[in-house]
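Single-structure report; data block below.
Quick note on labels: first sequence line is chain A, next is B, and so on, each numbered from 1.
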Number of protein chains: 2
Amino acid sequence: MSDKEPSKVLVVDDDPQIARALRINLSARGYQVVTAHDGTAALKAVAETRPDVVVLDLGLPDLDGVEVIEGLRGWNKVPIIVLSARDDSTDKVQALDAGADDYVTKPFGMDELLARLRAAVRRSGLSAADADAQVETASFTIDLAAKKVRRDGAEVHLTKTEWRLMELLVRNRGRLVTQKQLLHEVWGPSYDTESHYLRVYVAQLRRKLEPEPSRPRHLLTEPGMGYRFEP
Amino acid sequence: MSDKEPSKVLVVDDDPQIARALRINLSARGYQVVTAHDGTAALKAVAETRPDVVVLDLGLPDLDGVEVIEGLRGWNKVPIIVLSARDDSTDKVQALDAGADDYVTKPFGMDELLARLRAAVRRSGLSAADADAQVETASFTIDLAAKKVRRDGAEVHLTKTEWRLMELLVRNRGRLVTQKQLLHEVWGPSYDTESHYLRVYVAQLRRKLEPEPSRPRHLLTEPGMGYRFEP
DNA sequence: ACCGTGCGTCAAGGCGGCGTCAACAGACCT
DNA sequence: AGGTCTGTTGACGCCGCCTTGACGCACGGT
């Protein structure tokens, strides 16, 4: 996965008590917290800080809750979790139909709110998190998601075993990967000593990808230990 | 937008009273309703009918609710709204962390449930319906929204299974899609190894769409791994 | 110098996966 | 009931990939 960074939460609440409680609890769970105390500040804060999720208390001093939601949804699709003291059904329906993702009534359990937060982040995360894996070298590029390798614009075909080996090396780029580890992951636990396989397949990869296969610049041998991929 | 068709809802509840009430209310709102009365039937029903959203009552006779959620999340990302009589915080957290999208406690207002349903469908809709529902190749065009394929102006009919396979490949255009992934999404989680299906159906698609079926230019095989659609 | 070890290269099978054809059962329509 | 369409399953030939062996080479130790 790509994101080790903590999720950023925008907490919108005019009650300093609740805002403070949320900040403490969320920070303790590793979230990065930004706060806003009214609707206009909330809209501004979203534009500026780009949070991963918004916790929005209804009953703000300046704007109606639904207005805030609509103001956000006009241009942004960040998940919104609404907090409200009112358990009225119409309020919920209005907020949800305006574009809120969830609606929690006060008093609420912090555990529950955190779980709903995780759910919201998880949902929005998996759609966006795909686009990472693209590794480049001087002579070829590797797309881990598409399982494609291009060299001088033309696509190079790798077989299943070639790809498994290549992927393992690329995912550990810059680091040495031992023979045992490579054999283990590509061929299985019972091939730990068949280092001949490695020689054959590394040679094939070099022949397909290195500009000068006999003088490898990216798929390097560490004699007696293993192999290393250098971007 | 894409969906004029009604959303399909799978209602999972062992209490015939509630199941009936939900069916009536949802049908009245224009939803297409499918029901299952226990967990195993629910898992099967998802694989077969491909609902747009699942309403899952906890406390089923055969499986624990969390088991059902995990069984689904293993291979499918359809939104799940949990219904439960228990207002316990730990239950909510467990269900949400297992992969549920929302949690509603009984007794619930039908208006609220409907609003939460709309919210769930809306969310999953915008990530899936990524605007460009029209994909072209040199020899045929695919309209994902209209579920139609045209070749040389004339429309080509695809069967249900053919279409599911094609759609999955097209939505991942350019990327390699694993055999397991294809079998999972098209035939269901228990067909992991039936790669023969893939060969038969890919062959049919090629026969219908490729100018030279024995020399495919768009539906490409990656031996040992899977298939890839290249526009 | 000699030998051993580890690495790189090449080529020759064996076999598993793939494509294809075809038969069959069940669903659906008329 | 009859017919068509679809999904499932089996048989079979073929190609390509994995495996395996042989050999040359570089390096270091004795």
Grab the [atom1]-[atom2] distance between [X] and [N] for me, whole Å please.
| X | N | atom1 | atom2 | result |
| --- | --- | --- | --- | --- |
| E162(A) | dC18(D) | CD | C1' | 10 Å |
| E222(B) | dG16(C) | CD | P | 22 Å |
| L198(B) | dT20(C) | CG | C1' | 15 Å |
| Y197(B) | dC18(C) | OH | P | 16 Å |
| M166(A) | dC17(D) | CE | C1' | 19 Å |
| E194(B) | dT8(D) | CD | P | 10 Å |
| K160(B) | dG7(D) | NZ | P | 7 Å |
| L220(A) | dG8(C) | CG | P | 11 Å |

Ignoring backbone atoms, establish whether [X] has a side-chain N or O less than 4.0 Å from OP1 or OP2 of [N].
| X | N | answer |
| --- | --- | --- |
| H157(B) | dT6(D) | yes |
| T161(A) | dC18(D) | yes |
| T221(A) | dG8(C) | yes |
| W187(A) | dC18(D) | no |
| Q204(A) | dC17(D) | no |
| T159(A) | dC18(D) | yes |
| Y201(B) | dG7(D) | yes |
| S195(B) | dG17(C) | no |
| R199(B) | dC18(C) | yes |
| Y227(A) | dG8(C) | yes |

(request) With D101(B) as reference, evaluate R122(B), K77(B), R73(B), R116(B) under the salt bridge (Lys or Arg N to Asp or Glu O under 4.0 Å) test and give the passing residue. (result)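 When salt bridge (Lys or Arg N to Asp or Glu O under 4.0 Å) is applied between D101(B) and each of R122(B), K77(B), R73(B), R116(B), only R73(B) qualifies.
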
(message) Closest-nucleotide mapping onto DNA chain D: is H196(B) or L158(B) further toward the 5' terminus? I mean the 5' end.
(response)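 Looking at the nearest nucleotide for each, L158(B) comes out on the 5' side.
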
(message) Angle between ring planes, F140(A) versus F229(A), binned at 30° and 60°: parallel, tilted or perpendicular?
(response) tilted

(message) Tell me whether K92(A) is salt-bridged to D111(B), with the criterion being a basic N under 4.0 Å from an acidic carboxylate O.
(response)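 Result for this pair is no, no salt bridge flagged.
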
(message) Using a 4.0 Å heavy-atom cut-off, does V202(A) contact any base of the nucleic acid, only the sugar-phosphate backbone, or nothing at all?
(response) nothing

(message) Using side-chain heavy atoms (C-beta onward) and a distance below 4.5 Å, is E212(B) in contact with R217(B)?
(response)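 No, too far: nothing below the 4.5 Å cut-off.
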
(request) Working to the nearest 0.5 Å, report the span between OH of Y227(A) and CG of L198(A). (result) 6.0 Å

